[in-house]
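Structure, as structure tokens:
Below, read A as the first sequence line, B as the second, and so on, with proteins coming before strands; counting in each chain starts at 1. Just so you know, these numbers use all the heavy atoms, side chains as well, and skip hydrogens, waters and symmetry mates.
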Amino acid sequence: MCEKAEHRMQKSLSQPLSVDFQEPLSMAEKPKLHYFNGRGRMESIRWLLAAAGAEFEEKLFETREEFEKLIQGGTLMYERVPMVEIDGMNLVETRAILRYIAAKYDLYGRNLKEQAWIDMYVEGLRDLSDMIMFFPLSLPEEKEMNLEYILTRATTRFFPVYEKALRDQGQDFLVGNRLSWADIQLLEVILMAEECKPSVLAGFPVLQEFKARISHIPTINKFLQLGSQRKPPLDEESIETVKNIFKFERGMFLKNMSTIVAEY
Amino acid sequence: MELWSLLWGGGGCSLLGPPSSAGRSVPAFKQLAQPRSWPAGAEQRRSQDFLGNQETAIMAGKPTLHYFDGRGRMEAIRWLLAAAGVEFEEKYIATPEDLDKLRNDGRLMFGQVPMVEIDGMELVQTRAILNYIASKHNLYGKDLKERALIDMYIEGMADLNEMIIIFPIHPPGEKEAKLALIKEKTTNRYFPAFEKVLKSHGQDYLVGNRLSRADIHLVELIYNAEELLPGVTASFPLLKALKTRISNLPNVKKFLQPGSQRKPPMNPKSLEQAKKIFRLP
């Protein structure tokens with residue numbers, strides 16, 4: 001690591017994180033995550049809770065029957081997961097859950113404008129992370145093409161934005177010179193992209209520094225260790241499990257691509 | 001599909017810079033000469049050129065919406081601004097070159113629209129824009145928990161609305177199946193969920209016994225669903241009542257009148273134009 005980056009990292013580590021972790025009102029109740037045993041849409045939520053230093057429990061279903069039992073229980077507003085029991089609510093919809101956690105743990109900016117910047121950054125990343133998430137469900141004959149598409153988008157559409165934002169501001173974090181949901185989400189997506197192609201950050205020196213710096217934040221560092229609640233990428237076996245639980249249709253990747261196409 | 005990923009300009013995002021740079025291509029925007037919903041005093045402004053209108057807008061602090069002349073992803077933003085009583089200007093993207101210019105000028109963070117100039121920012125990403133407007137105008141609940149409920153409801157609505165927005169773009173052979181899916185989701189999943197919320201507390205609004213963005217987005221969704229599936233609200237009396245109540249609020253009522261900035265549904269001609277602008281096959 002070059003001197004300048006090391007200096008910046010040491011500087012940000014030695015200063016206390018300017019994040020005020022609110023104590024939850026009911027300390028006894030940890031948030032409870034309901035999902036299958038894999039990343040999917042719940043992974044961003046795990047990341048955010050972990051980064052905030054919030055302990056959580058998980059109730060992970062393995063079969064279609066278990067999922068249907070959860071649906072019958074009536075706690076899923078749209079009969080879909082993720083669902084998180086938190087502070088007396090059964091929250092569904094990934095973004096609703098993420099926003100609540102971010103706001104609760106002071107990771108959503110200090111004012112409306114910072115909130116807007118965070119929203120722009122995380123929404124931009126959502127498109128990319130959805131693509132990567134659905135990639136394992138590609139039809140075999142489309143895998144190579146889809147991977148190519150993901151990597152092109154990552155390196156020409158998305159990463160340049162964040163590289164530039166960090167470089168132009170010359171700060172350690174994306175918004176407001178302090179850790180926010182945007183930084184955590186960016187790290188998560190960088191790591192996912194690297195799993196697709198290890199050298200994907202080759203043209204992005206500032207993102208490389210960012211990755212190192214944010215990974216060393218104690219709560220995040222802990223989450224990156226073996227034995228944490230972070231989930232591994234889907235392998236052959238877990239793909240089959242997921243397909244059975246959720247009854248996915250063929251060509252799932254392309255189906256969601258229509259959302260990207262119609263983003264305009 | 002690849003085309004716009006390669007077109008990303010690489011220019012800077014202008015944070016607080018003057019927003020006027022994209023307005024110079026006057027010929028492209030002559031289309032604005034058709035009166036849309038000009039607010040009071042518009043007669044004077046109509047005689048000025050586009051630049052004059054823009055300067056007035058900046059001075060008045062009105063948001064400016066950048067999109068094509070159609071609903072798409074901008075329509076929810078128009079609804080919310082209108083319901084909040086916020087006047088806004090629109091700059092229509094009429095050609096692929098208009099879109100290129102916005103990108104090359106570095107005004108679109110991800111090379112995409114919608115983009116809204118508001119309070120010195122050039123906001124992109126529909127949800128970021130909606131969240132900002134809702135928060136600013138007190139339509140996002142009074143505390144974190146109300147906001148969580150609102151988010152839970154509106155994200156569900158967004159899932160259904162997404163299907164409806166994309167529907168016109170499907171090739172003819174797929175349309176019937178898609179419509180059946182929309183009908184199924186509307187009548188079996190989403191409308192029952194929102195009807196249940198209203199029933200559970202018996203209040204006039206979805207959250208916190210006062211108007212929020214949740215009510216506005218839901219009523220917009222109901223109108224959209226009814227256009228595709230006439231009579232779909234028939235078995236949801238509380239949704240019907242909400243629709244009537246919200247439609248009668250003065251700002252919403254005005255927005256629902258002809259001549260407002262509300263856009264009509266897509267027709268074959270506007271679909272062709274949109275495809276051209278965004279270089280879709």
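Across B:P192, B:A158, B:A274, B:A128, the residue that shares the most heavy-atom pairs under 4.5 angstrom with chain A is B:A128.
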Exercise answer: donor-acceptor pairs, residues 76-84 of chain A side-chain atoms, under 3.5 Å, sequence neighbours excluded:
unit_1 : atom_1 : unit_2 : atom_2 : d
A:Y78  : OH     : B:M152 : O      : 2.9
A:Y78  : OH     : B:Y153 : O      : 3.2
A:R80  : NH2    : B:D159 : OD2    : 2.8

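Looking at B:K145, the atoms closer than 4.5 Å to chain A (heavy atoms on both sides) sit in the backbone and in the side chain alike. For A:E123, the parts sitting under 4.5 Å from any heavy atom of chain B are the backbone and the side chain alike. If you measure heavy-atom distances from A:N111 to chain B, you find no contacts under 4.5 Å at all.
A salt bridge links B:K263 with B:E90: the closest approach of a Lys/Arg side-chain nitrogen to an acidic carboxylate oxygen falls below 4.0 angstrom.
Ring-plane geometry between B:F278 and B:F68 is classed as perpendicular, the angle between the planes exceeding 60 degrees on a 0 to 90 degree scale with a lower cut at 30.
Remark: B:F236 engages B:F191 in a ring-ring contact (aromatic ring centres under 6.0 Å, His included) (not counting sequence neighbours).
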